[in-house]
*Asks:* 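Pasting in a structure now, in C-alpha cells, and then I'll have a few things to ask.
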Amino acid sequence: MKTHLLITVPPIATPLGAMATPHSLFLLFLLLLSTSNAADLRIFHAERHSLTPLDSVLSLARNDPTRLAFLSRKVTSVPVASGQQVMQSSSYVLRAKLGSPGQPLLLAVDTSADAAWTSCSPCSTCPSSSALFLPANSSTYSPLPCSSSWCPQFKGQSCAAESAPSPCTYYQPYGGDAAFTATLSQDSLTLASDVIPNYLFGCVTAVNGSTANLPKQGLLGLGRGPMSLLAQTGPLYQGVFSYCLPSFKSYYFSGSLRLGPLGQPKNIRFTPLLKNPHRPSLYYVNLTAVRVGRLQVPVPPGSFAFDPATGAGTVVDSGTVITRFVTPVYAAIRDEFRRQVNASGGYTSLGAFDTCFSTDEVASAPAVTLRMEGLDLVLPVENTLIHSSATPLACLAMAAAPDNVNAVVNVIASLQQQNLRVVVDAANARVGFAREVCN
C-alpha cells in the first residue's frame with residue numbers, strides 16, 4: 001500500500017535561488033528518509049487556500065528580483081585570436097567596441113600595460129592597416145582637460161599647468177623604436193555584452209618611428225596599475241580575469257579573455273603574485289627553479305631572486321613572444337636540453353633561437369618544467385619547441401634575456417602560455433595555470 005505524505009511549505013525560491021535555508025533542506029531530507037521506498041511526496045504551497053489566485057501569484061513573485069539578479073550574473077568572455085594571422089602582428093588581439101554607437105576594434109591584449117589606447121582619426125602617421133576610431137561619431141566621447149587628476153599619471157604630458165583648460169595630451173614611447181602622441185579621453189568600452197562607461201584611454205593622433213611592432217588598432221591594458229581594466233572596472237570584475245591564448249598558427253578567435261570570478265577553473269593551482277613598487281603594472285611571480293626532463297638545472301645562487309630595486313625577478317607577460325631567462329639560467333637550460341636531445345646532426349641557430357635540430361629527433365626532446373612557489377608548470381612539447389616552416393628544423397623556443405635594462409628579468413611569455421588557462425586573481429595577489437586547449 002502506498003503512503004501519501006502531504007507536506008506544506010512556505011513559498012521559497014527555486015533551487016537556483018538562495019532562499020531555502022540549510023535547516024529547511026535538512027528537515028526535508030529527514031522526512032524523505034522517514035517514508036517507505038514507495039512513498040509519494042506531494043508538495044504544496046501553504047498559501048494556496050488562503051489567497052486569491054492573483055494575490056498568490058503576487059506573493060510568489062516577491063522573490064523574482066533576487067532570482068533575476070542571479071540569472072543576470074553571467075560569464076563575460078571576449079574572443080581572442082593570434083594577431084599574426086588576423087593582422088600580421090605579434091600581439092594577441094580581442095574584439096571590442098568603443099564609443100556610442102560602438103565602433104569595432106581589434107585591441108592587443110597586454111598584461112604588462114595599464115593605459116588603453118587606440119588610433120584615432122585624423123592620424124596620417126598611424127599604421128596604414130589600422131581602422132581609425134572616429135571620436136566625432138561617438139555621442140559619449142570626451143577628451144579630458146589638463147586639470148583632470150588623471151593627467152599627471154603620464155610622464156610625457158604636455159600641460160603647462162594643471163588648471164589649463166586645454167586637452168591633456170601626452171607622448172609615450174612604445175617598444176623601444178616607436179612613440180606616439182595621444183589625447184587622454186574617455187568613452188564607452190564594450191567587451192562582449194558588458195558596456196563600461198567613461199573608460200579612460202589614449203586617443204592616438206600621431207606616431208613617430210617604426211610602426212612594425214606597434215599594435216595596429218590599439219591596446220587594452222590588463223596590468224596592475226591605476227588605469228588598467230581591473231582598476232577601472234572595480235567591483236564589476238572583482239579583480240579577476242583569465243585568458244587562453246590559441247596557437248600563433250590559429251586563424252580563428254578560438255581563445256578567450258574571461259572577465260570576473262564566474263566561470264573560472266575550479267581545479268587550478270595558484271602561485272603568489274609579488275609587488276614591485278617601481279614596476280607596479282607587472283605580474284611578478286616567485287620562480288624557484290627550472291627542470292629539464294627530470295633534472296633540476298644548476299644555476300648560480302640568486303638567479304631567480306626578486307629584487308624590486310633592480311627589477312630582477314620573473315614576470316608573466318602576454319606581450320612578449322618567447323620566454324627569456326637571465327643569461328646564466330638560459331645557458332644552463334640550453335646545455336642540459338642539448339645533452340638530453342643528443343642531436344646526431346648537431347645544433348644550429350635560427351633567428352633568436354640557438355638550439356635548432358632536425359625534426360627527426362623531436363621525440364627525444366625533454367619536457368621543461370617551471371617550478372614556482374606552490375606549483376610546477378610543465379610545458380607541453382608544443383610550448384617548448386617551435387618548428388621552422390622553411391626547413392626541417394625544430395628549435396628550443398626560449399632565449400637569453402637581452403643585454404639592456406631587462407637583462408635581470410626572466411619572462412614567461414605568450415608562446416609558453418598557449419593553450420593554458422592563465423587566471424589572474426589580483427584581488428588575492430595570485431596567478432594560476434590550468435591546461436585548456438583553445439587551439
*Asks:* Once side-chain hydrogen bond (donor to acceptor under 3.5 Å, both in side chains) is applied, what residue pairs with a partner in residues 384-399 remain, sequence neighbours excluded?
*Replies:*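 Found Ser388-Thr391.
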*Asks:* Taking atom types as modelled and ignoring hydrogens, do the side chains of Asp114 and Ser281 form a donor-acceptor contact shorter than 3.5 angstrom?
*Replies:*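 Yes, a side-chain donor-acceptor pair sits under 3.5 Å.
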*Asks:* Any heavy-atom pair between the side chains of Cys203 and Pro143 that's under 4.5 Å?
*Replies:* no
*Asks:* Donor-acceptor pair, distance only, cut-off 3.5 Å: does the side chain of Gln232 make one with the backbone of Leu200?
*Replies:*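 Present.
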*Asks:* If we ignore hydrogens and angles and just use 3.5 Å, is the side chain of Thr118 paired with the main-chain N or O of Gln217 as donor and acceptor?
*Replies:*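 Here the side-chain-to-backbone pair exists.
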*Asks:* In Å, rounded to the nearest 0.5 Å, how long is the span from CG of Leu230 to CG of Leu236?
*Replies:* 10.0 Å
*Asks:* Regarding Ser242 and Arg421, is there a side-chain donor-to-acceptor distance under 3.5 Å anywhere?
*Replies:*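 Note: Ser242 and Arg421 side chains meet the donor-acceptor criterion.
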*Asks:* Enter the distance from Leu350:CG to Thr355:OG1 here, rounded to the nearest 0.5 Å.
*Replies:*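 Interatomic distance, Leu350 CG to Thr355 OG1, rounded to 0.5 Å: 11.5 Å.
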*Asks:* Return the OG to CG distance between Ser414 and Leu245, rounded to the nearest 0.5 Å.
*Replies:*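 Between atom OG of Ser414 and atom CG of Leu245 there are 6.5 Å.
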*Asks:* Quick check against the 3.5 Å criterion: does Gln416 have a side-chain atom that pairs as donor or acceptor with the backbone of Leu379?
*Replies:* no
*Asks:* In chain order, what residues pass the ring-ring contact (aromatic ring centres under 6.0 Å, His included) check against Phe337, with sequence neighbours excluded?
*Replies:* none
*Asks:* For Phe154, give me all partners under ring-ring contact (aromatic ring centres under 6.0 Å, His included), at least two apart in sequence or on another chain.
*Replies:*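 Checked Phe154 against ring-ring contact (aromatic ring centres under 6.0 Å, His included); matches are Tyr170.
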*Asks:* Please check this pair: side chain of Ser148 against backbone of Trp150, looking for a donor-acceptor N/O pair closer than 3.5 Å.
*Replies:* yes
*Asks:* Looking at every non-hydrogen atom in both residues, tell me the closest pair between Gly293 and Arg291 and how far apart they are.
*Replies:* O-CG, 3.5 Å
*Asks:* Quick one: CZ on Arg279 to OG1 on Thr310, what's the gap to the nearest 0.5 Å?
*Replies:* 9.0 Å
*Asks:* With no hydrogens and no angle check, just 3.5 Å: does a side-chain donor-acceptor pair link Ser112 and Asp317?
*Replies:*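 Yes, a side-chain donor-acceptor pair sits under 3.5 Å.
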*Asks:* Looking at OG of Ser77 and CG of Leu259, how far apart are the two atoms once the value is rounded to the nearest 0.5 Å?
*Replies:* 8.0 Å
*Asks:* Using 30° and 60° as the class limits, which term best fits the ring planes of Phe133 and Phe201: parallel, tilted or perpendicular?
*Replies:* perpendicular
*Asks:* Could you check whether Asp187 and Thr140, counting side-chain N and O atoms only, form a donor-acceptor pair closer than 3.5 Å?
*Replies:* yes
*Asks:* Tyr92 and ring pair (Phe, Tyr, Trp, His ring centres under 6.0 Å): which partner among Tyr243, Phe248, Phe253?
*Replies:* Phe248
*Asks:* Test your reading of the model: is there a side-chain donor-acceptor pair from Asn410 to the backbone of Val326, 3.5 Å cut-off?
*Replies:* yes
*Asks:* Taking only residues at least two apart or on different chains, which pairs with a member in residues 230-303 satisfy disulfide (SG to SG under 2.5 Å)?
*Replies:*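 Passing the test, one end in residues 230-303: Cys244-Cys438.
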*Asks:* Run the side chain to side chain donor-acceptor pair (under 3.5 Å) test against Arg269 and tell me which residues pass, sequence neighbours left out.
*Replies:*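 Per chain and number, Arg269 pairs via side chain to side chain donor-acceptor pair (under 3.5 Å) with no residue.
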*Asks:* Between Cys151 and Cys146, is the SG-SG gap less than 2.5 Å?
*Replies:*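 No, the SG atoms are not under 2.5 Å apart.
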*Asks:* Can you tell me how far apart CG (Leu377) and CZ (Arg435) are? Round to the nearest 0.5 Å.
*Replies:* 10.0 Å
*Asks:* Is Cys126 close enough to Cys123 that their SG atoms are under 2.5 Å apart?
*Replies:* yes
*Asks:* Would Val316 and Val424 count as a side-chain contact (heavy atoms from CB on, under 4.5 Å) here? Give the steps.
*Replies:* CA-CA 10 Å; Val316 178; Val424 176; over 6 Å; no
*Asks:* Is the backbone of Asn439 close enough, under 3.5 Å, to the side chain of Asn419 for a donor and an acceptor to pair up by distance?
*Replies:* yes
*Asks:* Filter on ring-ring contact (aromatic ring centres under 6.0 Å, His included), then keep only pairs touching residues 301-330, sequence neighbours left out; what's left?
*Replies:*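 Non-adjacent pairs meeting ring-ring contact (aromatic ring centres under 6.0 Å, His included): Tyr284-Phe306.
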*Asks:* Can you name the nearest heavy-atom pair linking Ser91 to Pro215, along with the distance?
*Replies:*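 Nearest pair, atom of Ser91 first, then Pro215: OG-CG, 4.4 Å.
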